[in-house]
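Bear in mind the structure is a predicted one, so any value in this text is a computation, not a measurement. Positions are given from 1, in the same order as the sequence printed here.
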Amino acid sequence: MIARGRAICFPDALSLAGVGLAAAGMVVTGDGLVAAAHNGVISSSMSWHERLLLGLWTFRLEHTLWFTLGLVVLWVGMGLGGRLGRSSDTVARLVGGVAIGHLLLAAAVVVGATIVAATGSVGGSGIQATFSGRERLATWLLQVATALALGLVWGLAGTRLGERFAPFAAGPSDDRDEPSDDGESDGHREIDDFELLEQIELPPPPPPQPRTAPVAPLPVAEISPPPATAAPPPSPPTPSVRARRRYEEQLSFSPMRDEARKLVEQVTGAERAGRVDEASALADRLDAM
């Protein structure tokens, strides 16, 4: 077991650790929400919206620190090239969605804390929880500050989870193509831009023209200079050639390279299928990027 763990590369190990911390943090956050929902005997006699306000007032976003730590560790691990087998994309989308859900929870906590801090109490005339002015100010500042700080982390890491860092985006690591212990690879290998261009099939070259019999030279006296004719204008490049030239020269290292690469594939497929107008329109769209 220890030897198998040492065989895992550092980015993969970091990603696995991030998933474990995020899972533990979700459990801790759920426990905090349950504790806030059962806050005291007085809340059992309140209406549902009064219990909700009291729960948002007493819930502390510090319960989400373990999930936040796991989210950041997973983000860094996957940014360094870490993979989780065939479920890497699924895990990234799942954890990113949970992070966006935490953003909604932080917004609800801020709204509930603001309402309670403004009114100074929760409940009706018979059953009411009252808070002092100093307690309201301290609790409101705590809830708003933690919500803003943690919400920034959740928004950045949740929306950009799975994105590769620039120094490691040029190509895959050396150990991605090595087979696993059971003789099968995990089926994932990053392909850079140049490999993608090499894999695009080009139209077949035109067939060679048949050679004609050589013409006997005319006598010197009968040879006349050919009439001067203007050179034919060069034929315009095909849409696929234009698209690849535009991608290689200007868009392969730009932030829009993923969208541009898909457009190159669409132009080549449309030209191969005989849809010249569609291929030309897609190439014009690529030129406008």
Side-chain angles (χ1 to χ4, degrees), residues 75 78-97 99-100 155-173 176-177 185-215 225-289:
W75 179 27
M78 298 192 74
L80 294 176
R83 304 292 294 172
L84 301 173
R86 299 183 179 179
S87 59
S88 298
D89 296 336
T90 303
V91 172
R93 288 193 295 267
L94 178 61
V95 178
I100 301 303
L156 288 176
T159 54
R160 302 177 69 91
L161 189 63
E163 185 181 36
R164 295 298 181 93
F165 294 162
F168 299 88
S173 58
R176 287 295 174 270
D177 294 332
S185 60
D186 57 0
H188 289 272
R189 189 174 72 88
E190 295 296 327
I191 302 177
D192 58 13
D193 300 331
F194 298 102
E195 291 185 14
L196 177 63
L197 292 176
E198 292 177 357
Q199 292 179 3
I200 297 177
E201 297 182 2
L202 299 177
Q209 298 295 332
R211 295 184 179 181
T212 58
V215 180
T229 57
S235 59
T238 61
S240 62
V241 174
R242 288 171 47 206
R244 288 195 298 274
R245 184 180 304 166
R246 170 71 173 172
Y247 182 83
E248 293 174 357
E249 293 177 357
Q250 298 183 8
L251 298 177
S252 59
F253 299 99
S254 68
M256 298 182 294
R257 63 175 185 177
D258 293 335
E259 183 180 356
R261 183 171 56 190
K262 293 179 181 179
L263 282 176
V264 171
E265 296 176 358
Q266 294 175 6
V267 170
T268 305
E271 185 179 273
R272 191 180 302 147
R275 301 190 302 271
V276 181
D277 294 337
E278 180 182 354
S280 180
L282 292 173
D284 294 338
R285 179 182 171 187
L286 192 67
D287 291 336
M289 294 178 65

request  = Starting from the C-alpha separation in whole Å, work towards a yes-or-no answer on side-chain contact (heavy atoms from CB on, under 4.5 Å) for Arg93 and Thr90.
outcome  = CA-CA 5 Å; Arg93 288 193 295 267; Thr90 303; 3.8 Å; yes
task = Measure the spacing between CE of Met78 and CZ of Arg160 and express it to the nearest 0.5 Å.
result =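 Spacing of CE (Met78) from CZ (Arg160) equals 14.0 Å.
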ask   = How many angstroms lie between CG in Leu84 and CG in Asp89, if you round to the nearest 0.5 Å?
value =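 Interatomic distance, Leu84 CG to Asp89 CG, rounded to 0.5 Å: 9.5 Å.
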request  = Please name the pair of heavy atoms, one in Ala99 and one in Gly158, separated by the smallest distance, quoted to 0.1 Å.
outcome  =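 Minimum heavy-atom contact is CB-CA, 3.9 Å.
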